[in-house]
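Read the structure below first, then the notes.
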Amino acid sequence: MKLELSARHPFSLSAVVKSHGWIRLAPFGQDEQKRQTGGLTYVDQLNSGRVVDMDIREAADGVSVAVGQELTATEAAEVAEKVRWMLQLDLDLSTFHILARKEPKLAHVEATARGRLLRSPTLFEDTVKTILTTNTSWAGTIRMVEGFVSQFGAPLAANPARRAFPVPEKVAATDEETLRSSVRLGYRAPYVLELARSVASGALDLEALKTTDLPTTELRKRFLAIKGVGPYAAANLLMLLGRYNFIPVDSWGIKMVSHEWYGGEPVGASEVEAAFERWGEWQGLAYWFWDWSYADEG
DNA sequence: GGTAGACCTGGACGC
DNA sequence: GCGTCCAGGTCTACC
């Protein structure tokens with residue numbers, strides 16, 4: 001089954017895929033051919049319980065989504081809605097692009113259709129993944145997410161090796177020791193377990209925050225109330241929700257700012273924030289897509 | 001409100 | 001092969 005979805009222009013699927021590291025985390029995938037064309041794959045468990053695989057490619061007016069299974073009308077609508085969300089197909093970045101034209105370090109943004117961030121279909125998935133990026137190497141994040149998905153994700157019938165991201169209920173039913181020792185989440189295990197149980201029980205309606213009109217500072221407080229989510233993680237989640245008032249400052253960003261404006265001298269989070277303060281409600285995006293002078297593999 | 005120490009893992013390094 | 005050190009954000013206790 002194939003779906004055609006339009007995108008607000010300028011749009012580049014490749015730019016979305018390369019926007020950050022999520023593409024390397026299960027159940028996202030990208031074989032060599034898709035790396036060259038900018039496409040991606042994703043395995044998802046639909047509300048009906050069925051696990052489907054999506055093959056997403058750039059098309060004339062947006063993207064085409066090939067689903068490996070025949071879908072009901074309800075399922076097809078769900079897939080379309082999720083892909084629109086994941087790729088931010090409807091996002092209007094024209095104001096940011098106008099501002100970026102005046103800054104040489106951001107002049108590339110509009111021409112290359114950058115600005116969108118790849119995100120997961122659910123805020124639960126993005127929150128778990130964000131927690132698993134904290135206080136570890138990128139290789140560690142990949143390993144933890146891979147273990148988490150392979151242990152608790154529902155398998156694709158045609159290829160059980162490929163699995164969807166676990167639903168909260170499945171994770172909630174496990175215990176901390178399994179998450180620590182088997183999935184090797186370390187001290188993050190109780191954070192992920194508590195999050196899953198809060199969402200599964202209905203105590204925390206995480207998905208409602210995707211479209212809430214709460215002020216950004218209030219939304220940030222909601223994220224900071226989640227165990228394992230601190231200033232960096234909260235800012236990262238806000239970015240994914242299109243709120244760019246806070247910068248997800250991590251050690252890499254501190255290093256970049258240090259070399260960009262302080263001659264490599266030690267700086268802290270406050271210097272990073274000060275460097276982008278003038279960008280106001282767009283500061284997170286300005287930071288994210290800044291053309292850094294200092295070369296680093298990040 | 002600010003700060004020190006603990007948390008957990010894997011990789012780098014020295015022996 | 002083994003032990004030690006270090007990097008990576010957040011939490012808790014304490015001031």
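Lettering follows sequence order; numbering is per chain, from 1.
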Is the distance from the ring center of A:W261 to that of A:F276 below 6.0 Å?
yes

Counting the benzene-type ring for Trp, do A:Y244 and A:Y287 have ring centres under 6.0 Å apart?
no

Does anything in residues 184-198 of chain A come within less than 4.0 Å of DNA chain B? Heavy atoms only, and list the residues if so.
A:R184, A:G186, A:Y187

What is the distance from [atom1] of [X] to [atom2] of [N], rounded to the nearest Å?
| X | N | atom1 | atom2 | value |
| --- | --- | --- | --- | --- |
| A:F223 | C:dG9 | CZ | P | 19 Å |
| A:L237 | C:dG9 | CG | P | 15 Å |
| A:W252 | C:dG8 | CH2 | C1' | 15 Å |
| A:L132 | B:dT9 | CG | P | 13 Å |
| A:Y232 | C:dG8 | OH | C1' | 10 Å |
| A:F148 | B:dT9 | CZ | C1' | 18 Å |

What bend angle does the helix from B:dG1-C:dC15 to B:dC15-C:dG1 show across its length, from five-pair end axes and to the nearest 10 degrees?
30°

Under 3.5 Å, is there a donor-acceptor pair between the A:E75 and A:N47 side chains?
no

Pair A:W290, A:E260: side-chain N/O donor-acceptor within cut-off below 3.5 Å:
yes

Cationic tip of A:R119 within the cone over A:W22's six-membered ring, i.e. under 6.0 Å and within 45° of the normal?
no

What donor-acceptor contacts under 3.5 angstrom involve side-chain atoms of residues 210-223 of chain A, with partners at least two apart or in another chain?
| from | atom 1 | to | atom 2 | distance (Å) |
| --- | --- | --- | --- | --- |
| A:K210 | NZ | A:P121 | O | 2.7 |
| A:T212 | OG1 | A:L214 | N | 3.1 |
| A:T216 | OG1 | A:R243 | NH1 | 3.0 |

